[in-house]
Amino acid sequence: MKQADSSVDINMSAPAYYERDVMVNLEHGLHLVPCSKIAELAKRYSCNAIIIKDGRSIDAKTIFDLMTLGAVKGTRLTLHCQGEKADELIEKLVALFESDFQA
Amino acid sequence: MKLTDFVVKDAIITDMSVNAKDEAIRTMIKSLQGSGKISSENSESVITAILKREELGSTGIGNGVAVPHTKHPTVDGLVSTIALAKGGVDFASLDGELVYILFLLVSPPDRPGEHLRALETISRHLRNQDFCNFLKQSSTPEEVWELLLEADQKDG
């Protein structure tokens, strides 16, 4: 499995923290179907999952929040996951984006 | 983007009493047809497109809210209406709850950015619990419209 390339362990006692950048390649942007897929996946994990766009961060487990990103094709987003199995979740989220949500 | 830019005031329904999802969508499209925003010859095709979109996954996104939508070549610009169903509609929502507020959106296929911005605007307001509560309490299209104007104004 590919290791998170920019993962940073904040300190030894805090749960592992992972960060990755992704690009929205969908023709119609991050519309409701991909937002649902992100939220469904993230909700299966107990760790935190946050998506950041232009400095604004939203909860990846909430479809309402995801929809407010208004991320059109070409938007760059940053994913943050921290907590139990955060490494696994971030890899799966990155895979969703890289497969244009066909994964 | 402002709600009042694309919601059709004359098509707002504040007392929708239906049992099923397809009935709700049909009622809302007929209301848009009544306001002249969708022609009678195209309305069945729009209804079919929205129902087909629902097959990909319910647009009942939780919190008692649904945002049925589609892109359709027969509209020139964004067309939207709101329906309030006081008794709730079974929309096969993601959280399993009934839906009380429906925001239906039809947009031209060649403007995906606008479609996304409209959905973003709708979602942003609907995640505000006060907005949802006031919306549910509205009993006339005028009251709903006032609320939309107020929300747009606060949005700056």
Side-chain angles (χ1 to χ4, degrees), chain A residues 21-46 48-80 89 92-93 95-97 99-103, chain B residues 1-3 6 49-50 52-72 78 91-97 99 101-132 151 155:
Chain A
D21 285 342
V22 288
M23 176 82 94
V24 178
N25 287 319
L26 299 166
E27 198 55 46
H28 300 297
L30 211 59
H31 57 97
L32 190 51
V33 174
C35 286
S36 308
K37 286 189 179 178
I38 293 170
E40 275 171 31
L41 172 63
K43 276 194 278 197
R44 294 208 292 266
Y45 288 78
S46 63
N48 290 332
I50 287 166
I51 299 184
I52 301 164
K53 180 193 163 203
D54 302 332
R56 190 170 76 89
S57 58
I58 61 97
D59 181 358
K61 298 184 182 187
T62 310
I63 294 176
F64 273 95
D65 280 17
L66 287 162
M67 288 300 296
T68 64
L69 285 174
V72 294
K73 186 178 184 185
T75 304
R76 185 163 286 283
L77 303 170
T78 304
L79 311 177
H80 275 218
L89 175 57
K92 286 192 176 176
L93 286 171
L96 262 187
F97 278 90
S99 70
D100 290 341
F101 291 82
Q102 300 303 309
Chain B
M1 191 179 276
K2 295 190 180 304
L3 294 168
F6 54 85
I50 293 177
K52 208 165 173 179
R53 162 63 192 83
E54 288 295 323
E55 285 173 14
L56 294 175
S58 177
T59 59
I61 52 178
N63 217 10
V65 169
V67 285
H69 59 267
T70 191
K71 299 190 179 77
H72 204 275
L78 296 173
F91 224 78
S93 289
L94 303 169
D95 64 358
E97 301 291 328
V99 158
I101 299 170
L102 297 95
F103 242 102
L104 182 144
L105 176 70
V106 186
S107 49
D110 56 343
R111 280 179 263 171
E114 271 186 37
H115 180 76
L116 204 63
R117 271 203 302 282
L119 282 177
E120 178 263 320
T121 304
I122 293 169
S123 309
R124 192 154 35 82
H125 289 289
L126 288 176
R127 66 199 278 277
N128 178 342
Q129 204 56 55
D130 283 344
F131 179 74
C132 286
D155 220 20

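Since this is a predicted model, take the numbers as computed values, not measurements. Protein chains get the first letters and strands the later ones, always in sequence-line order, with residue 1 at the start of each.
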Q: Given a strict heavy-atom distance threshold of 4.5 Å, which part of T59(B) is in contact with chain A: side chain, backbone, both, or neither?
A: both
Q: Counting only heavy atoms closer than 4.5 Å, note whether I61(B) contacts chain A via side chain, backbone, both or neither.
A: both
Q: Which answer fits A39(A), side chain, backbone, both or neither, if we ask what part of it has an atom under 4.5 Å from a heavy atom of chain B?
A: neither
Q: Can you tell which of M67(A), E27(A), H31(A) has the highest number of heavy-atom pairs within less than 4.5 Å of chain B?
A: M67(A)
Q: Mind listing the closest non-hydrogen atom pair of L116(B) and L30(A) along with its distance?
A: CD1-O, 3.6 Å
Q: Using side-chain heavy atoms (C-beta onward) and a distance below 4.5 Å, is R53(B) in contact with L32(A)?
A: yes
Q: Relative to chain A, which segment of I122(B) carries a heavy atom at a distance below 4.5 Å: side chain, backbone, both, or neither?
A: neither
Q: Would you mind checking which part of R117(B) comes under 4.5 Å of any heavy atom in chain A, side chain (CB onward), backbone (N, CA, C, O), both or neither?
A: neither
Q: Report the option among I63(A), D65(A), V72(A) that has the most heavy-atom pairs separated by less than 4.5 Å from atoms of chain B.
A: D65(A)
Q: With a 4.5 angstrom heavy-atom cut-off, which part of H69(B) approaches chain A: side chain, backbone, both or neither?
A: side chain
Q: Measuring from atom NE2 of H28(A) to atom CG of L119(B), what distance do you get when rounded to the nearest 0.5 angstrom?
A: 12.5 Å
